[in-house]
Protein chains: 2
Amino acid sequence: MNSGERRRQFSGRGGERIPTVYVDGSCKNNGRDGAKAGCGVFWGPNNPLNVSERVSGRQTNQTAELRAAHKAIEQAKSLNMDKLIIETDSKFVIQGVTKWMDNWKQNGWKTASGRDVVNRSDFEKIDQASRGMDIQWKYVPGHQGIKGNEEADRLATEGSRK
Amino acid sequence: MNSGERRRQFSGRGGERIPTVYVDGSCKNNGRDGAKAGCGVFWGPNNPLNVSERVSGRQTNQTAELRAAHKAIEQAKSLNMDKLIIETDSKFVIQGVTKWMDNWKQNGWKTASGRDVVNRSDFEKIDQASRGMDIQWKYVPGHQGIKGNEEADRLATEGSRK
RNA sequence: UGACACCCAGUCAA
DNA sequence: TTGACTGGGTGTCA
C-alpha cells in the first residue's frame with residue numbers, strides 16, 4: 001500500500017487520522033421469495049479485517065445495510081478505536097441513525113404515519129454499539145465507481161451467496 | 001376490441017350498458033414549493049376522449065383528483081350520456097361528493113372543526129355538472145395493477161409535466 | 001385518532 | 001423497465 005492509498009483510508013485535519021471504513025449491503029431477490037442478504041465491510045485492499053458475510057434473520061436490503069454498519073462498529077470497538085468514519089450509500093441508514101432515531105426513542109419507535117419502525121432492533125444495536133465512540137456517517141453515491149464503495153459492494157454480494 | 005374488453009368499459013345488469021371512466025390526479029412535489037398538478041381521464045385504450053392535462057389554480061393532489069372527475073363528467077354531458085360510472089382511487093373525492101357535500105350545503109360549507117371546506121369550489125362544480133345525470137362513484141385501490149386506474153394515473157402524471 | 005391519496009429521498013433487486 | 005425495502009412530508013376530510 002502506498003501513501004496515496006493510505007490517505008484514502010484515513011482523514012482528518014492537522015495530522016489527526018480518523019479511520020475510514022466502507023460498508024454495504026446486498027440482497028439477492030430482495031422482496032421476493034428466497035431472498036438472500038449479505039453484508040460487506042471494506043477497510044482497505046487486502047485488509048484482513050474486511051468482512052463478507054451472510055446476514056441472519058430478516059432477509060432484506062435494509063437489514064443488510066444496517067448489519068454491515070453494525071459489524072464495522074463492533075470491529076472498531078474491538079480495536080479500541082474511538083473515532084470512525086463510516087461511508088455508506090444508504091441514506092436510510094444515515095438518516096435513521098443521525099436524524100430519526102432521537103425522535104423514535106421519544107415516541108416509542110413510531111413512524112411518521114403511526115406504524116412501528118420496522119428495523120428497530122437493528123437501529124438499537126447500532127445505537128448501543130456506538131456508545132462512547134465518535135462516529136461520522138458519510139454518504140457515498142452507489143455505483144459511481146468510488147473504490148471503497150465498489151469493494152464493499154463486492155464483499156456484500158459475495159456474502160449473500162453463502 | 002373484443003367483447004371481453006368492451007365489457008370492462010360498460011357494465012350494468014340486464015344488458016344495460018353504463019359507460020365507465022377512470023379518473024386520477026397527480027401532483028409533483030405535493031405540498032412543497034413548485035408543486036405541479038395534472039389530471040387524467042381514461043375512457044379506454046386509444047380512446048380519443050382520453051385526457052391528460054395540466055391543472056390550473058391550486059396545485060395540490062386533491063385539486064387534481066377533483067378536476068379529473070369534473071372533466072369526465074363534462075365530457076359525458078357533452079356526449080349526452082345520462083348515466084356514468086366513475087372509478088377513482090380517491091376516497092376524499094367519493095366521500096366528499098356522496099356523503100359530506102349534503103351536509104356542507106346545509107351548514108355553509110364548514111368542516112367538522114369549524115373551518116371552511118378548502119376545495120369547496122371544485123366540489124360545487126362537480127355538483128353542478130352532475131345535475132340530471134345518474135353518476136355512480138366507485139372506489140378502486142391505487143397502484144394495484146388495475147388497468148384503468150394505471151392508465152388514468154399515467155395520463156395524470158403526464159399532464160402534470162405540461 | 002382514522003382513512004384514502006399525492007409526493008420526496010436513497011438503496012436493493014429482477 | 002418494473003418491483004420491494006423503508007423513511008419523511010403534505011393534501012384533506014370525518
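The structure displayed is predicted, hence computed values, not measured ones. Naming: A, B, ... by sequence-line order, numbering from 1 per chain.
- B:Asn30 contributes a side-chain N or O that, together with a main-chain N or O of B:Asn61, makes up a donor-acceptor pair within less than 3.5 Å.
- Along RNA chain C, the nucleotide closest to B:Ser160 and the one closest to B:Ser90 are compared, and the more 5′ of them pairs with B:Ser90.
- Contact check, A:Ser113 against D:dG7: no side-chain N or O comes under 4.0 Å of OP1 or OP2.
- Judged purely by distance below 3.5 Å, without hydrogens or angles, the side chains of B:Gln95 and B:Lys91 never pair a donor atom with an acceptor atom.
- A side-chain N or O of B:Trp43 and one of B:Gln75 form a donor-acceptor pair less than 3.5 Å apart.
- Using a 4.0 Å heavy-atom distance criterion, B:Asp153 is classed as a sugar-phosphate-only contact.
- With respect to B:Glu53, the salt bridge (charged side-chain N to carboxylate O under 4.0 Å, His left out) criterion is satisfied by exactly one of B:Lys162, B:Arg67, B:Lys71: B:Lys71.
- Across all strands, B:Arg120 comes closer than 4.0 Å to no nucleic acid atom at all (heavy-atom distances).
- Side chains of B:Arg54 and B:Gln59: a donor-acceptor N/O pair is present below 3.5 angstrom, by distance only.
- Within 4.0 Å of A:Gly96, counting heavy atoms only, lies no atom of the nucleic acid at all.
- Taking only side-chain nitrogens and oxygens, B:Tyr139 comes nearer than 4.0 Å to OP1 or OP2 of C:A5.
- An OP1 or OP2 oxygen of C:C6 is reached within less than 4.0 angstrom by a side-chain nitrogen or oxygen of B:His143.
- Contact check, A:Ser26 against C:A13: a side-chain N or O comes under 4.0 Å of OP1 or OP2.
- When heavy atoms are screened at a 4.0 angstrom cut-off, B:Val117 is found touching the sugar-phosphate backbone but no base atom.
- Using a 4.0 Å heavy-atom cutoff across all strands shown, B:Gly25 reaches sugar-phosphate atoms only and no base atom.
- The phosphate of D:dT12 has OP1 or OP2 within less than 4.0 Å of a side-chain N or O from B:Asn119.
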For nucleotides 2-4 of chain D, tabulate all protein N/O to nucleotide N/O atom pairs closer than 3.5 Å, reporting atom names and distance.
unit_1, atom_1, unit_2, atom_2, d
D:dA4, N3, A:Asn30, ND2, 3.4

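- The residue among A:Arg115 and A:Asn149 whose nearest nucleotide of RNA chain C is located toward the 5' end is A:Arg115.
- For the residue pair A:Thr157/A:Ser160, the side-chain donor-acceptor check at 3.5 Å is not satisfied.
- Contacts of A:Gln62 with the nucleic acid, taken as non-hydrogen atoms under 4.0 Å apart, include base atoms.
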